Amino acid sequence: MAPVTDEQVQRYHRDGYLVLEGVFSPQECELMKQEIEKILEGMDVPSHCRTEFITQQEDQLRAQGSADYFMTSGDKIRFFFEKGVFDEKGHFLVPREKSVNKIGHALHAHSLVFKEVTHKAQVQETGRRLGLMKPVIVQSMYIFKQPGIGGEVTPHQDATFLHTEPLGRIIGFWIAVQDATEENGCLWFIPGSHRAGISRRMVRTPPGTYPLTEFVGEEPKYDEDQFVAAPVPKGSLVLIHGEVVHKSELNSSPNSRHAYSFHVMESEESRWSPENWLQPTPELPFPSLFT
């Protein structure tokens, strides 16, 4: 991969996202897939912890915000499932390996393969080219986008869930482990939307209340014509500004769309909101991106 150019940095700041192809080799992508297969083989999730990952606001609060399994996943490797993969008793209706929506939220800390990917020299250099001084990793996840059932991710801004003061301190690093196409659910963006601030936040509710999180503000209705598709070949890195509006569609194709994603916060003169669902722990303070 050639170094990130000044023109590419300007494009990132203009559009709120940037596609960099060829950052990861086919061999590195295969290693990530093999590692996640090993993690899936050891999956042991009690039925009462089988949390569906969904993006409609009311369903999010019901299924995620009310689940301690989700709220305490920031320093662990945990499993989140597609809608409709369990019966009423929590038994799998599809093969276990085809049921998972994502695995999160600390692969970067507990898997050597994903730790090396996260801290790859080109990733660190990209962060420096974007002006990062003291970036810390706040979460990571592996997203499956299962063939035929991989659910849509509705339009959102990452800073809704990962809030900082001031804004503008969150960047997503999204790695295509497989080709991402319009057919299997690639990312879509509204270019320039990161300059309008955020419209809602998901915050913790007071201790002892239910659900455990709530939304403040509302996600506006977006004009579908504003979205631009960002299909990418495997091995690509997509940089995502924390306030850019983006989405992905249902995967109705026969092909999965695996991706590994992690978020960093510029910690220099920044404050991580104590109201965020995700919090650092004594066991896992947010580690530096730079090693």
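Given the structure is predicted, the values throughout are model-derived calculations rather than measurements.
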What do you reckon, are the aromatic ring centroids of [X] and [Y] less than 6.0 Å apart?
{"X": "Phe286", "Y": "Trp272", "result": "yes"}
{"X": "Trp174", "Y": "His263", "result": "no"}
{"X": "Phe86", "Y": "Phe92", "result": "yes"}
{"X": "Phe80", "Y": "His105", "result": "yes"}

Answer yes or no: does atom [atom1] of [X] have more than 12 heavy-atom neighbours from other residues, nucleotides or ligands under 6.0 Å?
{"X": "Lys76", "atom1": "NZ", "result": "yes"}
{"X": "Met133", "atom1": "CE", "result": "no"}
{"X": "Glu165", "atom1": "CD", "result": "yes"}

Smallest separation among heavy atoms of [X] and [Y], with atom names:
{"X": "His13", "Y": "Leu130", "value": "NE2-O, 4.5 Å"}
{"X": "Arg129", "Y": "Val9", "value": "O-CG2, 3.7 Å"}
{"X": "Ile198", "Y": "Ala159", "value": "CG2-CB, 3.8 Å"}
{"X": "Ser248", "Y": "Gly185", "value": "CB-O, 3.6 Å"}
{"X": "Leu132", "Y": "Val264", "value": "CD1-CG2, 4.2 Å"}
{"X": "Leu93", "Y": "Gly84", "value": "CD1-O, 3.7 Å"}

Single-linkage hydrophobic cluster, 4.5 Å side-chain cutoff, [X] and [Y] together:
{"X": "Leu18", "Y": "Ile190", "result": "no"}
{"X": "Val23", "Y": "Val177", "result": "yes"}
{"X": "Ile175", "Y": "Val100", "result": "yes"}
{"X": "Ile137", "Y": "Val117", "result": "yes"}
{"X": "Met265", "Y": "Ile171", "result": "yes"}

Is [X] salt-bridged to [Y], going by a charged N under 4.0 Å from an acidic O?
{"X": "Glu152", "Y": "Lys247", "result": "no"}
{"X": "Glu37", "Y": "Lys33", "result": "no"}
{"X": "Glu30", "Y": "Lys234", "result": "no"}

Supply the atom-to-atom distance [X] [atom1] to [Y] [atom2], rounded to the nearest 0.5 angstrom.
{"X": "Leu187", "Y": "Arg257", "atom1": "CG", "atom2": "CZ", "value": "6.0 Å"}
{"X": "Asn251", "Y": "Ser256", "atom1": "CG", "atom2": "OG", "value": "7.5 Å"}
{"X": "His194", "Y": "Ile240", "atom1": "NE2", "atom2": "CD1", "value": "13.0 Å"}
{"X": "Glu266", "Y": "Leu289", "atom1": "CD", "atom2": "CG", "value": "10.0 Å"}
{"X": "Glu243", "Y": "Ile170", "atom1": "CD", "atom2": "CD1", "value": "8.5 Å"}
{"X": "Ile149", "Y": "Glu82", "atom1": "CD1", "atom2": "CD", "value": "5.0 Å"}

Using the six-membered ring of [Y], assess whether NZ or CZ of [X] lies under 6.0 Å from its centre and within 45 degrees of the ring axis.
{"X": "Arg128", "Y": "Phe290", "value": "yes"}
{"X": "Lys102", "Y": "Tyr142", "value": "no"}
{"X": "Arg78", "Y": "Tyr69", "value": "yes"}

Side chain to side chain contact (heavy atoms under 4.5 Å, CB included) assessment of Glu125 paired with Gln122: CA-CA 5 Å; Glu125 181 58 28; Gln122 290 96 321; 5.6 Å; no

Test item: side-chain donor near acceptor, Arg169 and Ser270, under 3.5 Å: yes

Donor-acceptor pair between His163 and Ser273 side chains, under 3.5 angstrom: no

Candidate pair Lys134 and Ser288, rule side-chain hydrogen bond (donor to acceptor under 3.5 Å, both in side chains), full reasoning: CA-CA 7 Å; Lys134 294 182 179 179; Ser288 173; over 6 Å; no

Exam field: side chain [X] to backbone [Y], donor-acceptor pair closer than 3.5 Å:
{"X": "His241", "Y": "Gly192", "result": "no"}
{"X": "Arg195", "Y": "Gly16", "result": "no"}
{"X": "Thr205", "Y": "Leu212", "result": "yes"}
{"X": "Gln8", "Y": "Thr5", "result": "yes"}
{"X": "Gln146", "Y": "Glu97", "result": "yes"}
{"X": "Asn184", "Y": "Asp179", "result": "yes"}
{"X": "Gln157", "Y": "Gly197", "result": "yes"}
{"X": "Arg204", "Y": "Glu275", "result": "no"}

Flag side-chain contact, heavy atom, 4.5 Å: Val94 against Ser99: yes

Close side-chain approach of Arg200 and Glu219, heavy atoms under 4.5 Å: yes

Geometric class of the Tyr17/Phe189 ring pair [parallel <30°, tilted 30-60°, perpendicular >60°]: parallel

Residue from Glu35, Lys38, Glu116 passing side-chain hydrogen bond (donor to acceptor under 3.5 Å, both in side chains) with Ser111: Glu35

Verdict with supporting geometry, Ser140 and His108, side-chain hydrogen bond (donor to acceptor under 3.5 Å, both in side chains): CA-CA 6 Å; Ser140 58; His108 62 282; 2.7 Å; yes

Stepwise salt bridge (charged side-chain N to carboxylate O under 4.0 Å, His left out) test for Lys120 and Glu28: CA-CA 11 Å; Lys120 182 172 174 156; Glu28 288 173 308; 2.8 Å; yes

Residue pair Val203, Glu214: steps toward the side chain to side chain contact (heavy atoms under 4.5 Å, CB included) verdict: CA-CA 6 Å; Val203 300; Glu214 65 182 359; 3.8 Å; yes

Ser193 and Tyr222: CA distance, side-chain angles, deciding distance, side-chain hydrogen bond (donor to acceptor under 3.5 Å, both in side chains) verdict: CA-CA 11 Å; Ser193 55; Tyr222 297 103; over 6 Å; no

Criterion ring pair (Phe, Tyr, Trp, His ring centres under 6.0 Å) on Phe144 and His258, from CA distance to verdict: CA-CA 5 Å; Phe144 291 84; His258 289 196; 5.2 Å; yes

